[in-house]
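Only this structure's heavy atoms are used, side chains among them; waters, hydrogens and symmetry mates stay out. For ligands, and for the atoms within them, numbers begin at 1 and follow the listed sequence.
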Amino acid sequence: MSRSRPLVFGGKYAEGRRLRPTLVLNAETVWRVSQIARNGPRWFRSFGTPTEPGPRLVTIAGAVEHPGVIESAAGTPIAKLLRQASAAPYQAVSVGGLSSGFLSGPEAEQLRWESTVLMSHGCTIGSGVLRVIGAAECPVEYVAHTLEIAAGETAGQCGPCMFGVPAVASDFAAVVAGDAGRVPALRQRLGVLSGRGACHFPDGVAQHIAGALRVFGDDLDAHLAGRCVADHDWRTANAS
Ligand code: SF4
């Protein structure tokens, strides 16, 4: 019978100090370390940008024909990533999941998938997800749905997470339903959540909502006026 190999390895820093045994759970990190070990750092750095080197994984979901995980690199145009997944006509993209913001359709067409570029639009690479919001979707109902999920994600250890995230999720849902009286409460709570939470989850949710308010302001106004302006294709609108 062959001897089983250890699952957790120790090692040494370059100066010889012992490295404590480290368990790596992030699948992308394991994938990237294996590439450096197999192909060397020079090969690895030939992908991406000087500050974000190496191949990266991007998950593309939503209004696309071929959802899934794509091998790419920082600096790649977002439009190119969306074409690889055969995106349908879309109006916006959620970048980086629940802890990040949104790009409008025209922004997604012009920008590169890269931290410094995304940061200037209130987004981070975050979980590496690009969720395409199709032309026929109601974007604010989509955001209300993601916030409902966020409200159920608390581990119950921090007040801003236990109470604050469900409160802003409830405020946002009420505004989407047309209750203009909840707008001040939503804005006030967003200010309180920013920077909060031991793991910054509430802070991320605040960024998510701030991004939605930035990109979907017209849609929220329409909901407050008792209408929904979903089913608009910005590409068609721009062509006219
Ligand atoms: S903020 Fe983070 S650490 Fe605090 S309860 Fe929420 S998930 Fe847990």
Side-chain angles (χ1 to χ4, degrees), residues 7-8 19-33 51-52 56-62 67-69 74 92-103 113-133 139-177 179 182-217 220:
L7 293 176
V8 180
L19 181 71
R20 289 164 67 91
T22 303
L23 176 65
V24 178
L25 285 172
N26 180 295
E28 184 175 11
T29 302
V30 173
W31 177 67
R32 302 183 89 208
V33 169
T51 51
E52 294 179 279
R56 301 288 297 264
L57 297 177
V58 188
T59 303
I60 307 192
V69 180
V93 179
S94 168
V95 181
L98 275 172
S99 60
S100 178
F102 296 83
L103 297 176
W113 188 73
E114 180 180 341
S115 291
T116 48
V117 173
L118 295 174
M119 249 181 327
S120 64
H121 290 75
C123 298
T124 62
I125 282 182
S127 56
V129 174
L130 295 175
R131 200 291 188 182
V132 179
I133 299 176
V140 290
E141 281 177 7
Y142 168 74
V143 176
H145 172 65
T146 61
L147 292 176
E148 193 184 335
I149 294 170
E153 287 298 304
T154 178
Q157 302 300 305
C158 309
C161 194
M162 269 179 83
F163 305 112
V165 174
V168 287
S170 166
D171 289 336
F172 195 90
V175 173
V176 170
D179 184 353
R182 295 285 283 274
V183 173
L186 175 64
R187 291 198 180 277
Q188 191 262 336
R189 284 187 174 121
L190 273 190
V192 175
L193 282 191
S194 292
R196 303 292 298 280
C199 71
H200 280 222
F201 179 62
D203 179 54
V205 171
Q207 281 189 47
H208 194 65
I209 298 174
L213 295 178
R214 183 184 78 82
V215 175
F216 306 128
L220 273 178

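Scanning the protein for heavy atoms near atom 8 (Fe) of ligand 1, the closest one is A155 CB, 3.5 Å. For atom 1 (S) of ligand 1, the closest non-hydrogen atom of the protein is P202 CD, 3.4 Å. What sits closest to atom 6 (Fe) of ligand 1 on the protein, heavy atoms only, is C161 SG, 2.4 Å. Given atom 7 (S) of ligand 1, the protein heavy atom at minimum distance is C199 SG, 3.6 Å.
Residues T51 and S115 form no side-chain contact, since every pair of their non-hydrogen atoms from C-beta on lies 4.5 Å or further apart. Taking 4.5 Å as the limit, every side-chain heavy atom of P139 sits out of range of all side-chain heavy atoms of F102. With contacts defined as side-chain heavy-atom distances shorter than 4.5 Å, the pair S94/H208 qualifies. For the pair V168 and I209, the minimum side-chain heavy-atom distance is below 4.5 Å.
Pairing each heavy atom of G197 with each of P160, the nearest pair is N-CG, 4.4 Å.
Put simply, C158 stays out of reach of atom 6 (Fe) of ligand 1, with no N, O or S atom under 2.8 Å from it.
Residue contact check: Q157 has heavy atoms under 4.0 Å from atoms 5 (S) of ligand 1. Remark: ligand 1 atoms within the under-4.0 Å shell around heavy atoms of G197 are 1 (S).
No part of P160 comes within 4.0 Å of ligand 1, judged by heavy-atom distances.
V58 pairs in a side-chain contact (heavy atoms from CB on, under 4.5 Å) with only one of the listed residues (L130, I125, V69, V129), which is L130.
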